[in-house]
Amino acid sequence: MPEGHILHRLADQLTTAFAGRRVAVSSPQGRFAAEALLLDGHTIDRARAVGKHLFVEFDDERVVHIHLGLIGRMTVEPPHPVVGQVRLRIATEAYVADLRGPQGCRLTGPAAEEAMIARLGPDPLDPQADPERAYDRLHRSHRPLAAVLLDQSVLAGVGNVYRAEVLFRQGLDPLLPADDLTPAQWSRLWADLVGLMAEGCRAGRIDTVRPEHTPEAMGRPPRVDDHGGEVYVYRRAGRPCLVCGTPVRRRELAGRNLYWCPTCQPER
DNA sequence: CGAGCATGGTGAC
DNA sequence: TCACCCTGCTCGA
């Protein structure tokens, strides 16, 4: 689940539910119990997301830094009993936020928060973000473009799905050396990410298929992706490209699955 | 019911 | 480049 759009959505949900409110904090599973005790009964200022990092800021200079990792999840819902392994629970009479399986959940402060953010590249979901900062890094790297897009110190918030999909939509070969990307290509890629991720944040899922390429528009039977959104190539290896019908390819790159259409994203 | 896998990242070598 | 972490889901026996 968690690419940048999910974390920004969570930050919004947490802020709406808890900003300015005293909250009960606990760790039913126990691994955050000592920290939870320190926070219990305190007031939350706001929650903030940068890239895939989530910061829950309390009114007394305490910050909970959360990183969901690959399998972590957080939900904000009406009150309900604890089910399964809950690392962190934040609750009022009206809302309960449950954190499960995070890669990291640490109690820190504003200085550590700023230091963490300083190590991240620009985030397409941040209206103040400066895409030039990312291009400066990107166009000096010989690594494949697909590898650089996942480097959070270059670009913050993009994960495996957005990587595959934005490269497809831009017709770019994933293995293109990053330093071959022109400023105009980067500009279009960034703008596309901004639009896709904003929509993903709003919808809570990743949809990347343009209206003219939906199965309905192409005169094909409707299909269902097994991860909640409509996409061109992510996890569609061996199935026909929605645009040209060529089987979608998959390979491993730096330990992550990479998907692309060899026809729509030709080498050059 | 166990194995394998996943939209991520770290630390050791 | 690899082992490993964390949880929950799916798939095959």
Whole-Å distance between [N] [atom2] and [X] [atom1]?
| X | N | atom1 | atom2 | result |
| --- | --- | --- | --- | --- |
| A/Leu196 | B/dT7 | CG | P | 18 Å |
| A/Met116 | B/dG9 | CE | C1' | 10 Å |
| A/Arg31 | C/dC5 | CZ | P | 10 Å |
| A/Arg106 | C/dC5 | CZ | P | 19 Å |
| A/Arg100 | B/dT7 | CZ | P | 21 Å |
| A/His67 | C/dC5 | NE2 | C1' | 13 Å |
| A/Arg87 | C/dC5 | CZ | C1' | 10 Å |
| A/Phe32 | C/dC6 | CZ | P | 16 Å |

Whether A/His5 and A/Tyr162 hold their rings parallel, tilted or perpendicular, with breakpoints at 30° and 60°: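 Taking A/Tyr162 first and then A/His5, their aromatic rings stand perpendicular (interplane angle over 60°).
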So what does [X] hit on the nucleic acid, given a heavy-atom distance under 4.0 Å: a base, only sugar-phosphate, or nothing?
| X | answer |
| --- | --- |
| A/Gln85 | sugar-phosphate |
| A/Gly159 | sugar-phosphate |
| A/Gln29 | sugar-phosphate |

Can a donor-acceptor pair be found between the side chains of [X] and [Y] at a distance below 3.5 Å?
| X | Y | answer |
| --- | --- | --- |
| A/Arg100 | A/Gln85 | no |
| A/Arg137 | A/Ser153 | yes |
| A/Asp126 | A/His8 | no |
| A/Asp179 | A/His139 | no |

Nearest-Å distance once atom [atom1] is located in both [N] and [M]:
| N | M | atom1 | answer |
| --- | --- | --- | --- |
| C/dT1 | B/dT7 | C1' | 22 Å |
| C/dC2 | B/dA6 | P | 16 Å |
| C/dC5 | B/dC13 | P | 15 Å |
| C/dC4 | B/dG4 | P | 14 Å |

Selection from B/dT7, B/dT10, C/dG8 that lies nearest to any side-chain heavy atom of A/Ile206: B/dT7
Residues that A/His42 engages under side-chain hydrogen bond (donor to acceptor under 3.5 Å, both in side chains), provided they are two or more places apart: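 So A/His42 forms a side-chain hydrogen bond (donor to acceptor under 3.5 Å, both in side chains) with A/Asp60.
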Output a table of nitrogen or oxygen pairs between the protein and nucleotides 4-6 of chain B separated by less than 3.5 Å.
from  : atom 1 : to       : atom 2 : distance (Å)
B/dA6 : OP1    : A/Asn257 : ND2    : 2.9
B/dA6 : O3'    : A/Tyr234 : OH     : 3.4

Over 12 non-hydrogen atoms of neighbours within 6.0 angstrom of CD in A/Glu212: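 Atom CD in A/Glu212 is crowded, with more than 12 foreign heavy atoms closer than 6.0 Å.
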